[in-house]
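Contents: one structure, followed by commentary.
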Number of protein chains: 2
Amino acid sequence: MSLPHALLTALLEHPCSGLELAARFERSIGYFWHATHQQIYRELARMEGEGWISGEAAGEGRGGKKRYQVLAAGRRELKAWASREQDPAPHREALMVRLRAEAVLGGTRVADELLRRLALHQGQLAHYQALEARDFLADGSPDDRAARIQHLILKAGIQVEQLWVDWCAEALDLLAEPAPAATKRRR
Amino acid sequence: MSLPHALLTALLEHPCSGLELAARFERSIGYFWHATHQQIYRELARMEGEGWISGEAAGEGRGGKKRYQVLAAGRRELKAWASREQDPAPHREALMVRLRAEAVLGGTRVADELLRRLALHQGQLAHYQALEARDFLADGSPDDRAARIQHLILKAGIQVEQLWVDWCAEALDLLAEPAPAATKRRR
DNA sequence: ACAACCATGTAAGTAGTTACATGATTTA
DNA sequence: TAAATCATGTAACTACTTACATGGTTGT
């Protein structure tokens with residue numbers, strides 16, 4: 001499980017409250033990890049129980065903002081976890097299942113869905129490219145080891161989105177083509 | 001949820017038993033969907049209850065192989081589902097969290113993990129390329145609409161693996177570099 | 001007859017999602 | 001003072017994973 005460790009990393013970069021974490025996950029941190037505020041609150045409480053972080057409530061009672069900080073035990077845990085082996089999560093792309101269903105059945109409206117996906121990925125791509133221009137390509141951008149690693153992660157996001165943009169376009173071409181005669185190639 | 005629809009598609013392509021489905025998911029069907037045999041059995045039972053498929057037991061009692069076939073209601077369900085909208089699942093790449101932790105803490109062994117991942121993706125890539133050569137590039141390969149769609153899906157798998165192979169190599173380069181002085185670029 | 005494997009299944013646990021509840025602060 | 005929004009949380013549910021159980025078939 002990686003959510004607590006994603007939270008530890010984010011809190012080390014900048015201590016903040018639960019909702020701020022959720023907002024940061026929506027934005028930059030979240031190219032490759034996602035979490036809702038419900039998950040985040042539950043996990044923060046668990047991590048505080050483990051002694052990995054400590055949270056100071058600003059106001060009294062419920063509704064007050066808390067600021068979480070990483071404790072020494074949290075740093076140790078993160079460091080140990082970061083060196084562990086873990087196989088990549090198996091792919092689960094429902095769009096591919098839909099396409100396979102179209103291949104078998106025909107007559108579905110996957111093309112509409114491909115168009116929608118194309119637009120989504122184009123939007124994400126533009127967003128990531130804007131972040132790259134602002135944070136890593138501008139004059140005076142930091143160029144230390146940490147910045148280079150963060151840039152590398154962002155570049156992975158950009159490349160993935162670019163891949164899906166190109167692939168969706170190719171898929172739409174294929175589906176738009178006049179159905180070819182079901183011939184076999186000659187040897 | 002897409003697992004039942006992935007199963008319907010697979011059963012339409014070729015009716016078979018639960019364990020055969022699991023084996024097929026390990027192989028070609030599974031570039032973009034994964035399921036264990038436990039999940040598959042549970043889902044098959046549920047789908048039979050819904051009247052989407054019917055399973056004939058070859059032998060009597062427990063331990064006998066069953067052959068499942070898709071019923072008319074199953075076809076209808078699959079067709080309706082294939083036309084539905086669905087946003088892509090959010091990314092969850094623990095490796096990126098590890099890299100971010102390395103950027104913040106330093107001193108982890110992520111490089112080892114990157115090497116391992118590089119080898120994994122190279123292996124998958126070679127496997128998919130072999131499938132492509134065998135099923136879609138050989139003389140006499142079918143070239144109808146269904147085959148083109150299946151090829152398109154395989155190409156997505158190849159492109160994704162290629163992306164990660166290249167990206168892991170770049171990441172390893174970066175981590176191997178002598179730490180640069182923490183300078184800022186001049187404007 | 002025993003081992004190895006094939007095939008189907010049960011049970012318990014984890015991670016993530018969706019829907020809702022509640023108090024505090026800001027804005028009209 | 002009412003509405004909107006910020007911030008924290010609970011509860012129920014779904015999908016997936018891991019570990020184990022059980023019977024049947026094949027090979028030596």
Side-chain angles (χ1 to χ4, degrees), chain A residues 1-8 10-11 15-27 29-30 32-50 53-68 81 86-94 97, chain B residues 1-7 10-11 15-26 29-30 32-50 53-68 81 86-94 97:
Chain A
M1 219 232 322
S2 313
L3 174 56
H5 305 96
L7 292 172
L8 284 172
L11 287 175
C16 67
S17 70
L19 209 68
E20 281 175 281
L21 278 172
R24 289 169 66 193
F25 267 71
E26 284 293 292
R27 295 201 322 262
I29 302 178
F32 288 113
W33 205 268
H34 171 263
T36 60
H37 79 271
Q38 293 88 336
Q39 249 183 305
I40 290 172
Y41 284 125
R42 198 196 308 153
E43 211 53 50
L44 286 173
R46 208 182 61 78
M47 288 159 73
E48 196 169 15
E50 300 262 2
I53 58 174
S54 77
E56 296 286 305
E60 284 314 300
R62 199 178 163 138
K65 185 186 275 192
K66 285 183 191 168
R67 177 161 303 275
Y68 286 97
W81 174 85
Q86 189 178 25
D87 284 337
H91 299 135
R92 282 201 176 92
E93 271 288 352
V97 179
Chain B
M1 218 233 321
S2 313
L3 175 57
H5 304 95
L7 292 172
L11 287 174
C16 66
S17 70
L19 209 68
E20 281 175 280
L21 278 173
R24 289 168 67 194
F25 266 71
E26 284 293 291
I29 302 178
F32 287 114
W33 204 267
H34 171 263
T36 61
H37 78 270
Q38 293 89 337
Q39 248 183 305
I40 290 172
Y41 284 124
R42 198 191 314 145
E43 211 54 51
L44 286 172
R46 208 182 61 78
M47 288 160 72
E48 196 169 15
E50 300 262 1
I53 58 175
S54 78
E56 297 286 304
E60 285 313 301
R62 198 179 163 137
K65 184 187 274 191
K66 283 184 192 169
R67 176 161 303 275
Y68 286 97
W81 175 85
Q86 189 179 25
D87 284 338
H91 300 136
R92 281 201 176 92
E93 271 287 352
V97 179

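These numbers come from the heavy atoms of this one structure, side chains and all, not from hydrogens, waters or symmetry mates. We name chains A, B, ... by the order of the sequence lines, and we start the count at 1 in each one.
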Across all chains, not counting sequence neighbours, the side-chain contact (heavy atoms from CB on, under 4.5 Å) partners of R24(A) are A10(A), E13(A), H14(A), C16(A), L21(A), R27(A), I29(A)
The bend of the helix from dA1(C)-dT28(D) to dA28(C)-dT1(D), taken between the axes of its five terminal pairs at each end and rounded to 10°, is 10°
For H34(A), the side-chain contact (heavy atoms from CB on, under 4.5 Å) test, sequence neighbours excluded, returns E26(A), T36(A), P90(B), R92(B)
Sorted by chain and number, sequence neighbours left out, side-chain hydrogen bond (donor to acceptor under 3.5 Å, both in side chains) with R42(B) holds for none
By ring pair (Phe, Tyr, Trp, His ring centres under 6.0 Å), F25(B) pairs with (sequence neighbours left out) none
Taken in chain and number order and not counting sequence neighbours, the residues that satisfy side-chain contact (heavy atoms from CB on, under 4.5 Å) with F32(B) are H91(A), E93(A), M96(A), W164(A), I153(B), A156(B), V160(B)
Taken to the nearest whole Å, OH/Y41(A) to C1'/dT18(C) is 17 Å
Here the distance between atom C1' of dG9(D) and atom OH of Y68(A), to the nearest Å, is 10 Å
Can you tell if the side chain of P4(A) reaches within under 4.5 Å of the side chain of E50(A), non-hydrogen atoms only? no
Applying side-chain hydrogen bond (donor to acceptor under 3.5 Å, both in side chains) to E20(B) and not counting sequence neighbours gives S17(B)
Sequence neighbours excluded, the answer for side-chain hydrogen bond (donor to acceptor under 3.5 Å, both in side chains) partners of Q39(B) is none
From CZ of R46(B) across to P of dG9(C) the rounded distance in Å is 15 Å
Tabulated below should be each protein N or O lying under 3.5 Å from an N or O of nucleotides 16-20 of chain D; please produce it.
residue, atom, partner, partner atom, Å
dC16(D), OP2, Q39(B), NE2, 3.0
dC16(D), O5', Q39(B), NE2, 3.2
dC16(D), O3', R92(A), NH2, 3.3
dT17(D), OP2, R92(A), NH2, 3.4
dT17(D), OP2, Q39(B), OE1, 3.2
dT17(D), O4, R42(B), NH2, 2.8
dA19(D), N6, Q38(B), NE2, 2.9

